[in-house]
Amino acid sequence: MISTPLTSHFGLTTPVIGAPMAGVGGGELAAAVSAAGGLGMIGVGSAATAEFVEQECALPRGRGLRFGVGLMAWALPDRPDLLAATIAARPDLVSVSFGDPAPYVGPLRDAGIAVAGQVNTIDDGHRAQAAGVDLLVAQGSEAGGHTGHRATLPLLQEVLALADRPVVAAGGIATGRGMAAALAAGAAGVWIGTALLACPEALNSPAARARVRAAAGEQTVLTRAFDVAQGLAWPERWPGRALVNDFSRTWHGREAELRADPEACARVAEARRTDDLEQQPLYAGEAVGLVTVERSATEVVREMTAEAEGALRAVATLLG
Ligand SMILES: Cc1cc2nc3c(=O)[nH]c(=O)nc-3n(C[C@H](O)[C@H](O)[C@H](O)COP(=O)(O)O)c2cc1C
């Protein structure tokens, strides 16, 4: 068994956190990760409802499983209902990502909920630590979904140097070898999203899962085009990493023109309604090339853990 400050804090049997993924990670996915001894999280996007939070959190909780919820700091000033619903759902962990977590740490901790801050720069790391989060998540730009511009390994090493509390690594980790590398670097655990995109417990469609399984690691793009098209108030410093498709091929790098083209913008909303994979965002990270089969998140986490144990043992033999 791999023991770290993360596993002892949350009573886990493996230091794996199933990343919150808006639109993909609901209660079933979180429950499947937690059933393997990790900590599954539920992703709450800026357009989610308080009812969604309540319903999805009831799934792992109803089975006596630990779970977490991921909120987006930039969206919360306009959506106090999402924070209130999250606190009412009593998760074990809440992450407050993409913005300053300071206003939310107090209310969450007062409710007995641990807080994680996902950070993309050194300044973010200092800010999250000053805000009093329990856990720092160093998220590299290899990650699927919205992210910053620093790669995981250098960012992780710098955040470890500044941190006086556990740091978890996110971005590009989808195998036990990758997990072992992050742990060897000093991370207290790994935060995996893309590795779970082809799991049947996810909220994405079977067609989207098939597309994920077929995609190579070179076929992602870090772009603001989908946010611009949907008129989302995402701050510019966090573009999103998605699978390359017809829409991103046409509009990535032409965001100003896109903003002035209501027809093109409407296409994304329509594509999300009809599940048109060429015109909607399919957020996925560079590790997508490692995701080739559809299997339960419980199995993904178990296999990753077993492989990491083997990799860590093998590394120890290098010492002679
Ligand atoms: C489809 C998708 C949706 C995501 N949504 C969120 C989200 O709602 N909140 C959040 O904090 N991070 C979100 N992320 C980022 C993850 O929390 C995590 O940092 C990332 O998946 C880790 O990198 P990996 O994809 O290479 O494993 C999302 C990622 C993906 C792939």
Side-chain angles (χ1 to χ4, degrees), residues 16-26 29-30 33 38-48 52-53 56 68-76 79 82 86 93-99 101 104 115-120 124 128 133 135-148 150-153 155-156 168-175 178-179 182 187 189-199 202-205 208-209 211-212 215 217 220 222 226-227 232 234 238-243 272 280-291 297 300-301 304:
V16 176
I17 296 182
M21 295 191 282
V24 174
L29 188 66
V33 169
L39 178 62
M41 296 189 70
I42 294 163
V44 178
S46 56
F52 171 84
V53 175
E56 298 302 317
V69 172
L71 299 173
M72 296 175 183
W74 65 265
L76 290 178
R79 297 299 309 275
L82 294 180
T86 298
L93 175 69
V94 168
S95 67
V96 185
S97 304
F98 314 122
Y104 314 108
V115 186
Q118 204 164 199
V119 304
N120 303 97
D124 286 351
V133 301
L135 200 70
L136 292 167
V137 183
Q139 187 209 35
S141 59
E142 300 95 317
H146 289 81
T147 184
R150 295 287 315 275
T152 302
L153 193 53
L155 180 69
L156 173 65
V168 168
I173 299 162
T175 63
M179 176 173 163
V190 294
W191 179 280
I192 60 164
T194 295
L196 304 174
L197 287 177
C199 296
L203 298 173
N204 54 1
S205 69
R209 292 202 287 274
R211 182 64 170 262
V212 163
T220 71
L222 192 55
F226 293 108
D227 294 332
L232 296 175
W234 268 99
W238 291 290
R241 186 174 293 284
L243 296 184
R272 292 190 58 178
Q280 69 171 316
L282 293 171
Y283 289 115
E286 290 190 15
V288 71
L290 296 160
V291 184
V300 170
V301 174
M304 188 179 282

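In this chain, residues are counted from 1 in sequence order. What's counted below: heavy atoms across the whole structure, side chains too, no hydrogens, waters or symmetry copies. Every number for a ligand or one of its atoms is a count from 1 in the order of the listing.
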Chemist: Measuring from atom CG of Leu196 to atom CG of Asn204, what distance do you get when rounded to the nearest 0.5 angstrom?
Modeler: 10.5 Å

Chemist: May I ask you to list the atoms of ligand 1 that are less than 4.0 angstrom from any heavy atom of Gln139?
Modeler: 15 (C), 18 (C), 19 (O)

Chemist: Write out the residue and atom name of the closest protein heavy atom to atom 4 (C) of ligand 1, then the distance separating them to 0.1 Å.
Modeler: Met21 CA, 3.4 Å

Chemist: Against heavy atoms of Met72, which atoms of ligand 1 measure under 4.0 Å?
Modeler: 7 (C), 8 (O), 9 (N)

Chemist: Would you indicate which of Pro20, Gly193, Gly171, Ser46 comes nearest to atom 14 (N) of ligand 1 when only heavy atoms are counted?
Modeler: Pro20

Chemist: Could you tell me whether Arg241 approaches ligand 1 through its side chain, its backbone, both or neither, with non-hydrogen atoms closer than 4.0 Å?
Modeler: neither

Chemist: Going by the atom numbers of ligand 1, which of them fall below 4.0 Å from some non-hydrogen atom of Ser97?
Modeler: 11 (O)

Chemist: Check the pair Val291, Leu197 against side chain to side chain contact (heavy atoms under 4.5 Å, CB included), reporting the backbone distance first and the verdict last.
Modeler: CA-CA 8 Å; Val291 184; Leu197 287 177; 5.5 Å; no

Chemist: Nearest 0.5 Å, please: how far is CG in Leu82 from CZ in Phe52?
Modeler: 10.0 Å

Chemist: Specify the protein heavy atom at minimum distance from atom 26 (O) of ligand 1: its residue, its atom name, and the distance to 0.1 Å.
Modeler: Gly172 N, 2.7 Å

Chemist: Mark up the atoms of ligand 1 that fall under 4.0 Å of a heavy atom belonging to Ala19, in ascending order.
Modeler: 16 (C), 17 (O), 18 (C)

Chemist: For atom 17 (O) of ligand 1, what's the nearest protein heavy-atom neighbour? Residue, atom name and distance, please.
Modeler: Trp191 NE1, 3.1 Å

Chemist: On a heavy-atom basis, I'd like to know which of Ser95, Ala22, Gly144 is closest to atom 8 (O) of ligand 1.
Modeler: Ala22

Chemist: Mind checking whether His146 and Trp234 have parallel, tilted or perpendicular rings, split at 30° and 60°?
Modeler: parallel

Chemist: Out of Asp124, Thr152, Asn120, which one pairs with Gln139 under the side-chain hydrogen bond (donor to acceptor under 3.5 Å, both in side chains) rule?
Modeler: Asn120

Chemist: Considering non-hydrogen atoms only, spot the tightest contact between Trp238 and Asp227 and give its length.
Modeler: O-OD2, 4.3 Å

Chemist: Examine distances only and state if a side-chain atom of Arg79 and a backbone atom of Ala48 form a donor-acceptor pair shorter than 3.5 Å.
Modeler: yes

Chemist: Nearest 0.5 Å please: distance from the CG atom of Leu135 over to the CH2 atom of Trp191.
Modeler: 7.0 Å

Chemist: Using distance alone, determine whether Val24 and ligand 1 share an N or O pair under 3.5 Å.
Modeler: no

Chemist: Quick one: nearest non-hydrogen protein atom to atom 11 (O) of ligand 1, plus distance?
Modeler: Gln118 NE2, 3.0 Å

Chemist: Please state which protein non-hydrogen atom is closest to atom 10 (C) of ligand 1 and give its distance, to 0.1 Å?
Modeler: Phe98 CE1, 3.5 Å

Chemist: So for ligand 1, is His146 a polar contact partner (N or O within less than 3.5 Å, distance only)?
Modeler: no

Chemist: Of all the non-hydrogen atoms in the protein, which one sits nearest to atom 25 (O) of ligand 1, and at what distance?
Modeler: Thr194 OG1, 2.6 Å

Chemist: Report the distance from atom OG1 of Thr147 to atom CD of Glu142, rounding to the nearest 0.5 Å.
Modeler: 8.0 Å

Chemist: Just how far is it from atom OG of Ser95 to atom CG of Leu71, taken to the nearest 0.5 Å?
Modeler: 6.5 Å

Chemist: Counting from 1, what ligand 1 atoms have a heavy atom of Ile192 closer than 4.0 Å?
Modeler: 27 (O)

